[in-house]
Amino acid sequence: MKSENGGAGHVIGAMLERFREKEPPIPGENEYIGENGLLFCSVCRTPKQCRVNMLGQPAVVPCICQCEKERLEKEKKRQEAEELQRRIQRLKANGIQEKHLLDWRFDVAENTRDIQRARKYIENWQKVKAENLGLLLWGSVGTGKSFIAACIANALLEQSVPVLMTNFSKILNQMGGMYSDERYQYIASFSHYPLLIIDDLGIERNTEYALEQVYAVIDERYKAGLPVIITTNLTMEELRQPEDVAHARIYSRVLEMCTPVQITGEDRRQKIGSRKQTVVKEVLDL
Ligand SMILES: [Zn+2]
């Protein structure tokens with residue numbers, strides 16, 4: 001006990017000695033001695049040393065001048081911004097595996113009614129999440145359903161919200177080599193994403209096994225109370241009156257979770273086609 005106190009007293013004594021004001025300080029680069037006899041920064045003319053009371057003893061300690069403080073704050077902000085960018089890059093690499101989808105963003109979208117609605121979904125994301133508002137983007141081939149879904153995915157990823165955009169063919173391929181408990185883990189892992197986007201419902205394999213997994217993924221989302229956006233070429237009639245019980249089970253759950261939004265957008269592929277035709281006509285002078 002005695003020796004411990006002696007040891008602590010020794011450490012405190014050494015500290016007090018270290019900060020005791022002795023001879024005047026020697027100014028370094030960009031420093032000068034102020035009227036109070038302590039070091040000042042010659043750039044911002046604020047103190048780099050302060051007199052304090054240390055355990056009842058007067059002491060002189062270093063302090064951070066204004067310009068150094070500003071530099072440190074700026075550096076911290078820069079590091080935070082870099083860390084955020086790295087996080088967004090990781091989220092994108094993880095959430096959007098098909099590289100072309102990364103280019104489908106609001107900033108390259110035409111300002112159609114469909115796009116305006118999709119923007120609203122993002123603007124109200126907190127409410128969407130809290131109220132678990134899923135969307136079923138339906139409409140014929142080439143209306144830009146996947147484009148709209150990818151715009152939503154990219155916009156949320158840019159806000160560092162984890163999104164997974166995938167489709168059932170991919171999910172079923174992944175599950176192919178898994179044992180049943182691994183499959184369960186895999187399906188449960190989707191709950192880490194505040195938003196799950198499943199592109200092109202209805203084109204996956206039609207086997208009993210496949211339909212069971214499709215249902216399992218959707219049902220897991222339902223139980224987790226998390227939103228899902230689904231795109232499909234199926235008509236509302238096909239969704240409401242499916243051919244068999246297995247499909248009926250899936251679609252009725254989808255319709256329970258997602259509000260159907262018909263995507264009418266003019267046929268984008270046709271438009272790209274006709275633009276190419278125009279260019280070809282110019283090139284060939286037809
Ligand atoms: Zn300074």
**Any pair counted as salt bridge (charged side-chain N to carboxylate O under 4.0 Å, His left out), so long as it reaches residues 115-138, sequence neighbours left out** = none

**Request:** Could you name each residue pair satisfying ring-ring contact (aromatic ring centres under 6.0 Å, His included) that touches residues 107-128, not counting sequence neighbours?
**Result:** none

**Prompt:** How close do Gly56 and Asn53 get, heavy atom to heavy atom, and via which atoms?
**Reply:** N-OD1, 2.8 Å

**Message:** Hydrophobic clusters here meaning ILVMFWY residues chained together by side-chain heavy-atom distances under 4.5 Å, can you tell me if Phe147 and Leu156 are in one?
**Reply:** yes

**Asked** How many angstroms lie between atom OG1 of Thr112 and atom CD1 of Ile263, to the nearest 0.5 angstrom?
**Response** 8.0 Å

**Asked** So which residues get pulled into Val60's cluster when ILVMFWY side chains under 4.5 Å apart are joined, directly or through others?
**Response** Leu38

Could you go through residues 213-222 and list every donor-acceptor pair under 3.5 Å that involves a side-chain atom there, pairing it with any protein atom two or more places apart or in another chain?
unit_1	atom_1	unit_2	atom_2	d
Tyr215	OH	Arg253	NH1	3.4
Asp219	OD1	Arg253	NH1	2.4
Asp219	OD2	Lys223	NZ	3.2
Arg221	NE	Pro227	O	3.0
Arg221	NH1	Phe190	O	2.8
Arg221	NH1	Tyr193	O	3.0
Arg221	NH2	Tyr193	O	2.7
Arg221	NH2	Pro194	O	3.1
Arg221	NH2	Pro227	O	3.0
Tyr222	OH	Glu256	OE2	2.8

**Request:** Find out whether Glu110 and Ile115 are in side-chain contact, i.e. whether some heavy atom of one side chain is under 4.5 Å from a heavy atom of the other.
**Result:** no

**Gap separating the CG atom of Leu101 from the CD1 atom of Ile96, nearest 0.5 angstrom** = 6.0 Å

**Message:** Distance check, rounded to the nearest 0.5 Å: Ile88 atom CD1 versus Leu157 atom CG?
**Reply:** 8.5 Å

**Item:** Co-membership, hydrophobic cluster, residues Leu137 and Val254, 4.5 Å side-chain
**Value:** no

**Asked** Are the side chains of Leu196 and Leu226 in touch, meaning some heavy atoms are under 4.5 Å apart?
**Response** no

**Message:** Nearest 0.5 angstrom please: Ile122 CD1 to Cys151 SG, how far?
**Reply:** 9.0 Å

**Request:** Would you sort out whether Met257 and Ile230 count as a side-chain contact (heavy atoms from CB on, under 4.5 Å), showing the intermediate values?
**Result:** CA-CA 10 Å; Met257 296 166 75; Ile230 292 173; over 6 Å; no

**Asked** Backbone N or O of Leu201 within a donor-acceptor pair of the Thr232 side chain at under 3.5 Å?
**Response** yes

**Prompt:** More than 12 heavy atoms of other residues, nucleotides or ligands under 6.0 Å from CG of Leu284: is that the case?
**Reply:** yes

**Asked** Does anything in residues 65-77 pair up under side-chain hydrogen bond (donor to acceptor under 3.5 Å, both in side chains), and if so which pairs, sequence neighbours excluded?
**Response** Gln66-Glu70, Glu68-Arg71, Glu75-Arg78, Glu75-Gln79

**Request:** Under the salt bridge (Lys or Arg N to Asp or Glu O under 4.0 Å) rule, collect the residues that match up with Glu17, sequence neighbours excluded.
**Result:** Arg20

**Asked** Taking C-beta and beyond as the side chain, do Lys145 and Asp200 meet within less than 4.5 Å on heavy atoms?
**Response** no

**Contact check, side chains of Asp103 and Val108, non-hydrogen atoms, under 4.5 Å** = no

**Asked** Between Pro242 and Tyr251, which heavy-atom pair has the shortest distance, and what is it?
**Response** CB-CD1, 3.8 Å

**Fill in**
Sorted by chain and residue number, the salt bridge (Lys or Arg N to Asp or Glu O under 4.0 Å) partners of Glu21 (sequence neighbours excluded) come out as Arg51

**Message:** Could you check whether any side-chain heavy atom of Leu133 comes within less than 4.5 Å of a side-chain heavy atom of Thr259, counting everything from C-beta outward?
**Reply:** no

**Message:** Please give the remaining members of the hydrophobic cluster of Met15, linking ILVMFWY side chains under 4.5 Å, ordered by chain and number.
**Reply:** Ile12, Leu16, Phe19, Val52, Met54, Leu55, Val61

**Prompt:** Rounded to the nearest 0.5 Å, what separation is found between the CD1 atom of Ile152 and the CD1 atom of Ile229?
**Reply:** 4.0 Å

**Request:** Report the residues that fulfil salt bridge (Lys or Arg N to Asp or Glu O under 4.0 Å) with Arg87, sequence neighbours left out, ordered by chain and then residue number.
**Result:** none

**Item:** Sequence neighbours excluded - ring-ring contact (aromatic ring centres under 6.0 Å, His included) pairs with any residue from residues 81-101
**Value:** His100-Trp104

**Prompt:** Linking I/L/V/M/F/W/Y whenever any side-chain heavy atoms sit under 4.5 Å apart, do Ile171 and Leu195 land together?
**Reply:** no

**Message:** For residues Leu211 and Met178: do they belong to one hydrophobic cluster (side chain heavy atoms under 4.5 Å, members Ile, Leu, Val, Met, Phe, Trp, Tyr)?
**Reply:** yes

**Verify same cluster id: Leu102, Leu164 (apolar side-chain graph, 4.5 Å)** = no

**Request:** Any side-chain hydrogen bond (donor to acceptor under 3.5 Å, both in side chains) involving residues 158-185? Give me the pairs, sequence neighbours left out, ordered by first then second residue.
**Result:** Lys92-Glu158, Glu98-Lys170

**Prompt:** Heavy-atom distance under 4.5 Å between the side chains of Leu234 and Trp138, does that happen here?
**Reply:** no

**Item:** Those residues that, when tested against Arg18, pass salt bridge (Lys or Arg N to Asp or Glu O under 4.0 Å) (two or more places apart)
**Value:** none

**Expected output: side-chain Ser42 to main-chain Asn30 donor-acceptor under 3.5 Å** = yes

**Asked** Considering residues, nucleotides and ligands other than Ile64, do more than 12 of their heavy atoms fall under 6.0 Å from its CD1?
**Response** no

**Prompt:** Quick one: does Leu255's side chain get under 4.5 Å of Met236's, heavy atoms only?
**Reply:** yes

**Prompt:** Would Arg90 and Glu83 satisfy salt bridge (Lys or Arg N to Asp or Glu O under 4.0 Å), going step by step from the backbone distance to the final call?
**Reply:** CA-CA 11 Å; Arg90 280 198 301 272; Glu83 182 44 52; 3.5 Å; yes

**Prompt:** How long is the span from the NZ atom in Lys48 to the SG atom in Cys63, to the nearest 0.5 Å?
**Reply:** 9.5 Å

**Message:** How about NZ on Lys281, more than 12 heavy atoms from neighbouring residues, nucleotides or ligands closer than 6.0 Å, or not?
**Reply:** no

**Prompt:** Do Pro27 and Leu39 touch side chain to side chain, with heavy atoms closer than 4.5 Å?
**Reply:** yes

